[in-house]
Amino acid sequence: MIKDKLKVREIIAKRVAMELHDGDIVNLGIGIPTLVGNYLPQDVHIFLQSENGILGMGGTPKPGYENKDMNNAGGSPASFLPGAAAFDSATSFGLIRGGHVAATVLGALQVDEEGHLANWMIPGKLIPGMGGAMDLVTGAKKVIVSMTHTKKDGSAKIIPKCTLPLTSIRKIDLIVTEAAVIEVTENGLVLKELGPETSLEEIINTTTAKLIVSDDLKQMPITV
Amino acid sequence: MYKSLNRAIIAIRKKREVENPFGFFMVDKLLKKEEFIGKIFDGAILMIGGFLGDGTPESLIDEIVKAGKKDLTVIANDTAFPGKGIGKLIRAGLVKKAIVSHIGTNPETQKQMIEGSMEVELVPQGTLAEKVRAGGFGLGGILTPTGLGTVVEDDKQRCEIDGKEYLIEPAIKADIALLKAKKADVLGNLTYNLTAQNFNPLMAFAAVTTIAEFEELVPKGGIAPNEVRTPHAVVDFLVRGDCK
């Protein structure tokens, strides 16, 4: 498995980018998901949706071009692409909850065998609040979890049953880590791809959830 | 020549706006800051617009901090950053309870919550927006799939419609809504700027008294009907903001 932090982030972002289609409306979470936009193929143009009321968000504006009323959902300056729309929070979550967002990419603290996701609090330790995560996971057409395969101490994040408070009872669709691509199916978690420089043994050793190894197990088509 | 004429007109308009906004147009709703603070009382339930400070009426918040109005309940998307927007109320220790979707950007909120000096009720962002909207639109609440089977469901009822389950989320209302508008006309019609909209147009309906801080005041007709985002019927008072 690749350990270099920057490479890990790059692998995950590149692989997630391959899941997005031209014309998709996509909501990207904070952290690794934000990087996905940097790795889209040239012929794939997506519309970024942001919880604070944007469809058609662009990247970080050049210094001096910031506008106090043009920010992303993390509170940092953002830009609007030609054709962008700005709206209120009810409309923004109408898009999200109403199933009008093709995909959401977000981080996770834990994912379990049933495809449940926990990503918004660690009781007694970290209580940032759910923000828009619960609505996104409940309403987006496709939920992609992008995260490092294990915690910093090497323990598993893909586990038999989430012990942290769940974000939604809606099952997620896909898990992308630097070491694996795992699809959530009715039968359980199916290991579809191995990351660069990763062996099947390493995946099994760092994943406590039961994995079904796909008959068609591939290498992630990513180079770093 | 046109430029200098234009400049002169703008200067005259600005002066008139300050002294007697638009001459014969009465602006009954226009409050000075000293008058504004008289509308806020200890223990008030406030709805405050803004998303991480963007679209938050900073000048109104400054006045509340100056006057030390306390034991406030704040309904808002978040508590912004330390010392910014709603973060100023948090830092001053004026908030008894916060009903918000996110406090991750303000460690001072988390500290006060852990110490027990402030109560925090976390609500999913989309649910919060709809609870506020319902409150202002005369609805008892909303049905949403968000939060089903999570801690958000605790003490709430479920219902089933067409074989699908939903959580019943009651509407919420406030004593006073504090908004940040880009433009206001003398009647109280409002527009907002880009991502500064967020909760503002929803909260406008949901309080007994709605007060909007504005950047620019224009005469009747100064906002085209198609551009009005919040109709004047729900706006009670207008206050000029300091920051542009």
Side-chain angles (χ1 to χ4, degrees), chain A residues 30 50-54 57 67-80 84-99 114 116-121 123-139 162 164-171, chain B residues 49-55 77-81 84-85 100-106 109-110 113-114 120-130 132-134 137 144-153 165 180 182 192-203 215 229-230 243-244:
Chain A
I30 300 167
S50 185
E51 290 98 307
N52 58 329
I54 314 174
M57 184 173 66
N67 179 321
K68 71 173 173 52
D69 294 332
M70 281 167 70
N71 296 303
N72 62 28
S76 307
S79 60
F80 280 50
F87 32 77
D88 65 59
S89 297
T91 307
S92 189
F93 281 87
L95 285 174
I96 290 169
R97 204 191 310 96
E114 287 179 66
H116 288 148
L117 157 73
N119 79 341
W120 69 281
M121 79 179 280
K125 263 193 186 168
L126 180 77
I127 311 170
M130 66 292 278
M134 285 192 173
D135 298 283
L136 279 161
V137 176
T138 303
C162 286
L164 296 172
L166 292 185
T167 306
S168 175
I169 48 168
R170 181 256 171 93
K171 291 171 198 272
Chain B
F51 194 112
L52 295 175
D54 183 8
N77 181 59
D78 52 71
T79 56
F81 303 96
K84 193 189 170 199
V100 293
S101 77
H102 198 264
I103 56 170
T105 51
N106 194 335
T109 308
Q110 302 186 45
M113 179 180 73
I114 291 161
V120 174
E121 186 182 327
L122 290 167
V123 184
Q125 205 166 101
T127 301
L128 186 61
E130 287 300 320
V132 171
R133 191 183 61 84
F137 281 33
T144 177
T146 304
L148 275 177
T150 73
V151 294
V152 170
E153 188 175 346
E165 288 206 284
K180 170 68 194 294
K182 171 80 179 164
Y192 307 94
N193 194 28
L194 300 168
T195 51
Q197 288 184 65
N198 51 67
F199 279 74
N200 282 301
L202 308 168
M203 289 174 170
E215 290 181 16
R229 195 61 192 81
T230 296
C243 14
K244 285 272 169 176

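Sequence lines set the chain letters: A, B, ... in the order given, protein chains first and strands last, and positions in each chain run from 1.
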Do you know which two heavy atoms are closest between [X] and [Y], and how far apart they sit?
| X | Y | value |
| --- | --- | --- |
| A/Gly129 | B/His102 | O-CD2, 3.7 Å |
| A/Asp88 | B/Gln197 | N-OE1, 3.6 Å |
| B/Glu130 | A/Ala90 | OE2-CB, 3.6 Å |

Quiz prompt | B/Thr195 side-chain N/O to A/Asn52 backbone N/O, donor-acceptor pair under 3.5 Å | solution = no
Quiz item: Are A/Trp120 and B/Val151 side-chain neighbours, meaning at least one heavy-atom pair lies under 4.5 Å?
Solution: yes
Taking side chain as everything from C-beta outward and backbone as N, CA, C, O, which of these in [X] sits under 4.5 Å from a heavy atom of chain A? Side chain, backbone, both or neither.
| X | answer |
| --- | --- |
| B/Leu52 | side chain |
| B/Pro201 | side chain |
| B/Phe81 | side chain |
| B/Val100 | neither |
| B/Thr127 | both |
| B/Leu202 | side chain |
| B/Phe199 | both |

Practice problem: Decide, yes or no, whether a salt bridge links B/Lys182 with A/Asp69 under the criterion of side-chain N to carboxylate O below 4.0 Å. | Solution: no
Quiz item: Between B/Thr144, B/Val123, B/Thr146, which is the residue that forms a side chain to side chain contact (heavy atoms under 4.5 Å, CB included) with A/Met134?
Solution: B/Thr146
Quiz item: Which atoms of A/Ser168 come close to chain B, meaning under 4.5 Å heavy atom to heavy atom: side chain ones, backbone ones, both, or neither?
Solution: backbone
Self-check item: A/Ala133 portion near chain B, given a 4.5 angstrom heavy-atom threshold
Solution: neither
Quiz item: B/Ala129, B/Gly104, B/Gly126: which one forms the most heavy-atom pairs within less than 4.5 Å of chain A?
Solution: B/Gly126
Exercise. Considering only heavy atoms and a distance below 4.5 Å, find which of B/Ser101, B/Ala80, B/Pro145, B/Gly55 pairs most often with chain A.
Key: B/Ser101
Quiz item: Could you walk me through whether A/Ile127 and B/Leu122 pass the side-chain contact (heavy atoms from CB on, under 4.5 Å) check?
Solution: CA-CA 10 Å; A/Ile127 311 170; B/Leu122 290 167; 3.9 Å; yes
Exercise. Could you go through the side-chain contact (heavy atoms from CB on, under 4.5 Å) check for A/Met130 and B/Thr150 one step at a time?
Key: CA-CA 11 Å; A/Met130 66 292 278; B/Thr150 73; over 6 Å; no
